[in-house]
Visitor: 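Dropping the structure in here first, questions after.
Convention: sequence-line order gives letters A, B, ...; per-chain numbering from 1.
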Amino acid sequence: MKFNYKEVEKKWQEKWFKAKIYEARREEGKKKFFIHFAYPGISGYLHVGHMRGFTYADIISRYKRMKGYNVLFPAGFHASGLPSVGFAKKVERGDPDTLRMLKENGCDDKTIERLKDPVEVVKFFSKVYVEDYWKRFGFLIDYSRLMDTISEGYKRFIRWQFLKLNEKKLLIQKTHFAPYCPNCGPVAVDKSETDISKGGDAQILEFVVLKFKMEDGAFLPAATLRPETIFGVTNMWINPHVEYVEIEVNGERWICSSQAVKKLMYQFDEIKETGRRIRGKDLLGKKCKVPLVERNVPILAGSFVDPNVATGVVMSVPAHAPYDWIALKESGANIEPISIIKVKGYGKFPAGEICEEMGIKSQLDREKLDKATEIIYKKEFHGGILNENCMDYAGSRISEAKDLIKEDLIDRGLATIMREFSEEVICRCGERVVIKKIPDQWFIKYSDPELTEISKQHVETMNIYPEDYKREMPKVLDWFGDRACIRKGSWLGTEFPFKRGWIIEPISDSTLYPIYYIVSKFVNEGKIKPEEMDEEFFDFVFLGKGKAKKEIWEEIRRDVLYWYPVDINLGGKEHKTVHFPVFVMNHVALLPPEFWPRGIFVHWWITQKGKEKISKSKGGAEPIPKAVEQYGVDAMRLYYAHSASPFVDVEWDPQLVSNYKSRISSIWNMVNELLEVKGEENGHLERWLRSSMARRINLINKYMEEYNLRDAANEIFFEIPNDLKWYIRRGGKDRNVIMEILEKWIKLVSPFTPHLAEEMWEKIGKEGFVSLERFPEFEERHISAEDEVEEDLLKEVMNDLKEIVKVTKIKPKRIFLYTSPRWKREVYERLLKGEEVGNVIKDLVQRKDLEDKGKEISKFVGETAKELRMLSSDDKERFRISINELEFLKECADFIKKEFGAEEVIVESAETCSYDPAKKSRFAKPLKPAIYIE
RNA sequence: GCAGGGGUAGCCAAGCAUGGCCAACGGCGCAGGCUUCAGGAGCCUGUCCUGUAGAGGUUCAAGGGUUCGAAUCCCUUCCCCUGCACCA
């Protein structure tokens, strides 16, 4: 009797996969549904967090299949780029964590040896993903279409894509600045730190380098993020303990730190060292001229100046820069700060004020000074106005003047740009990463106004979940600029057709790929060879251009026409600003409008305690096979679908998953118990159960249509069993209705927990796969408002009884229920019809049988009118349904007696009651009988 | 900086785009009872405060406002989080 989930999972997976029920074949005339998830990058073992999105996709595709769609649900692997290379590198250098993890997962030494090769890493993990994750979760992915992005066929496809981008004039060349290791070449700077050992959070900042001319003609290049403060410069800062060097830049002599020279070499074309070295302290006391402002200022000693940051030369704006303020104070120099910015909340010298406030005493108190600098920077940037000291820019807002001044200074040859990381970045090899200028980098021109505009228009027509993201998308498309699309270096991918030895970057080769799933089937089956797949081939199958050279081309073309476009592309929130926009734009740019994607579904993450994204580096991620073993697949699937909305991050909580495991087995037990039930039909109870079920099926269909899996699962896994339990509790025992409801219920369960569903399906004596049955549809004929209102009435009465028992602590012996007098019901009816309050009162008061109730009537009518105004239309509806409360409650008397352990339950009409010592009967109202307990 | 998300009872987490069915779904935890004499099993009840009659009171980051009525709409403030391009 116990639910053996392990056996059940195995049994049904074997059957499904043997019958290949996942395989999608074109059926002309049958409506199709194409869903896929953003294929995972190959970066090692996945964890329970990854399964969330995959599971959503499987549930949706199973649902659509049951709704009569011909479903295409393919999957593949994104092998391009760095992750698998990074993984192989880790194996090669014997990274202990990596080796331990591999061994824990049962890898022998031979396999580990093999994994030093990135291509082997891809092969190995592709298999893990398919066998240990996807099939293990019962996903009905079309396994005949598996593909990865470094296969020959895929590369042909990408090559074609870039030929087309070029034809559309969407490939352009321009200067670019990228992270670069002097030893290893190009590196990626990102949070996963595949290439680097430090600095994953670093951003590339643009410093403006202002050229201060000294008396001997050499320049001091001061780097700043705030070029507008040039008007407030009072002096220069040089670190006296640092040795500076002289270099020649475009014929000018510059003096900067030696560290700066190294960096500038990678960014400027014309640069060389003159060999002259100058100690910092030898520069002190000399003068230089502020560019544009043409003011002579002295060079002072600033020990806070870091030769590693930018040029190692700093201009001093004490009025508005906390560092400068403190350093100036410490220097003891007799220099008056120059105020140049007016900002709300501060006086003449904001920097001075904040140093005072925060109690900053020394220029080496970096922590506080950084904080102070940030505060002042933000405050002045947003609310600051340049004052009369600022020449032509006086009166402008900082946020507007900043770029203007920068451009002007550059145009006049007084300044230039230098790029620098916001923090130190160290390569895996130990070298400091620099920023390198690439003069002729290739870009995909996503900034193209026409492409952007059409993409925005198309997004309007798409089904995008959640709604918020749909609203966000046009802004993202506007913001999305040109993207560098190739890179030279050791990583996997397709060679760029217009530059030998350069590889297409991994985002750019994963935009149009869903269409390749249609081709990959033919490649996998050997029906077409990658070598055949040239420009002509893809032009024909994707664009319908030219002629088919072979019959199979026609076949593929028909499949493309049938399956495309994608109905849902499902992916994690990390794809919101990069992958999804380029997915849309590439389709819009290269394919005809009828192939543009129809929908996107974004889900959030499973996080660890403390809201951290689960990552292997942080440890503690639960391996998938272990979790499956422990909780069972169906429990996990239900957990993903039901524990929270897809659009929030969820903390992985093993306890919670365990609860779903219990839920699964309790459903199983319940079905078994229900199968034992036999007895008479009651009439009312069966009508009620059918009605409630029909209503829920209607809701569930509505939820599923908008992919609201959570609310659908709630109805299916919680509300329906509650109804069934209530039916039994009420004494229902009609086997026919139970079998009828079970059959529907099991179908509803199927997309979410398919193994359980199949097992139950078999248990109730059905043949075939429930996975291939039709999803239950709303049947209006089962709706019986009367029976539902009656059952609600009973529940309400029981609630009231409970409340009374609780408050009074009475142990009920005899329970009296007094149903509403007829005239009160009449009041409801007439008011609901819209009759005037006054008329109703007048009418009733004049009636003979009510003549002694004048006061009560007018009060009651008034209150009721007020009450009805507050009710929703659904609630009002309940009062319109006519039921016989007296008869119904009499029938329930035994049930109530049993539930409350009373000796007797007496139901009477308030008009004719024989026993009412507490005068309770006067409180009776329609659908709210008065109660007396003793 | 640019773009976006969020703050709900002890905890997690619904609801908030269509204000009233909301003291606020569900779960965890906690308390009591039942069942089971086997397990991290199952079932019922309670869990903001007050209350010996089905009720009332105070809540949904903070402070204002709109409204007969606001967790839900508007404004202000505070605090968290995410993405930002050779990372997928």
Visitor: Treat a base pair as Watson-Crick or G-U wobble with both distances under 3.5 Å, then lay out RNA chain B in dot-bracket form, 5' to 3', with | for cross-strand pairs.
Guide: ((((((((.[[[..)....(.....]]]((((((.......))))))(((....)))...[[[[[..)....]]]]])))))))....
Visitor: Given B/rG1, is OP1 or OP2 found less than 4.0 Å from the side-chain N or O atoms of A/Lys378?
Guide: yes
Visitor: Using a strict threshold of under 4.0 Å (side-chain N to carboxylate O), is an ion pair present between A/Glu228 and A/Lys406?
Guide: no
Visitor: I want to verify a distance call: between B/rU52, B/rG54, B/rG1, whose nearest atom is closest to the A/Val807 side chain?
Guide: B/rU52
Visitor: If you only use heavy atoms from C-beta on, which nucleotide in B/rA88, B/rA13, B/rG1 is closest to the side chain of A/Ala644?
Guide: B/rA13
Visitor: How is A/Pro929 classified with respect to the nucleic acid when contacts are heavy atoms under 4.0 Å: base, sugar-phosphate, or nothing?
Guide: base
Visitor: When you compare the side chain of A/Tyr465 with that of A/His603, does any pair of heavy atoms fall below 4.5 Å?
Guide: no
Visitor: Does NZ belonging to A/Lys456 count more than 12 external heavy atoms closer than 6.0 Å?
Guide: yes
Visitor: In whole angstrom, what separates A/Gln203's CD from B/rC2's C1'?
Guide: 11 Å
Visitor: Base, sugar-phosphate, or nothing: which does A/Ile931 touch, judged by heavy atoms less than 4.0 Å apart?
Guide: base
Visitor: Closest nucleotide of RNA chain B for A/Thr577 versus for A/Leu801: which of these residues is on the 5' side?
Guide: A/Leu801
Visitor: Can you tell whether the side chains of A/Lys378 and A/Glu374 come within less than 4.0 Å, N to carboxylate O?
Guide: yes
Visitor: Is A/Glu505 salt-bridged to A/Arg487, cutoff N-O under 4.0 Å?
Guide: no
Visitor: Please report the distance, rounded to the nearest Å, between CG in A/Asp649 and P in B/rG6.
Guide: 12 Å
Visitor: Please figure out whether A/Ser666 or A/Arg729 has its closest RNA chain B nucleotide nearer the 5' end.
Guide: A/Ser666
Visitor: Give one of base, sugar-phosphate or nothing for A/Val187, where a contact means two heavy atoms less than 4.0 Å apart.
Guide: sugar-phosphate
Visitor: Counting heavy atoms from C-beta on, name the nucleotide in B/rA88, B/rC25, B/rC44 closest to the side chain of A/Trp491.
Guide: B/rA88
Visitor: What is the distance, to the nearest angstrom, from the CZ atom on A/Phe879 to the C1' atom on B/rC21?
Guide: 11 Å
Visitor: Among the nucleotides B/rG54, B/rA53, B/rA3, which one has an atom lying closest to any side-chain atom of A/Tyr932?
Guide: B/rA53
Visitor: Remember a base hit wins even if backbone is also touched, and classify A/Ser645 as base, sugar-phosphate or nothing at under 4.0 Å, heavy atoms.
Guide: sugar-phosphate
Visitor: Just so I know, are the side chains of A/Phe177 and A/Ile417 near enough to count as touching, which here means a heavy-atom distance under 4.5 Å?
Guide: no
Visitor: Nearest of B/rA85, B/rG1, B/rG51 to any side-chain atom of A/Glu803?
Guide: B/rG51
Visitor: Give a yes/no answer on whether the side chain of A/Ser662 brings an N or O atom under 4.0 Å of OP1 or OP2 in B/rG42.
Guide: yes
Visitor: When you measure from the side chain of A/Val648, which nucleotide among B/rA13, B/rC84, B/rA88 comes out closest?
Guide: B/rA13
Visitor: Is a salt bridge present between A/Glu467 and A/Arg471, judged by a nitrogen-to-oxygen distance below 4.0 Å?
Guide: yes
Visitor: Can you tell whether the side chains of A/Asp800 and A/Lys928 come within less than 4.0 Å, N to carboxylate O?
Guide: yes
Visitor: Whole angstroms only, please: what is the CG-C1' distance between A/Asp800 and B/rG51?
Guide: 16 Å
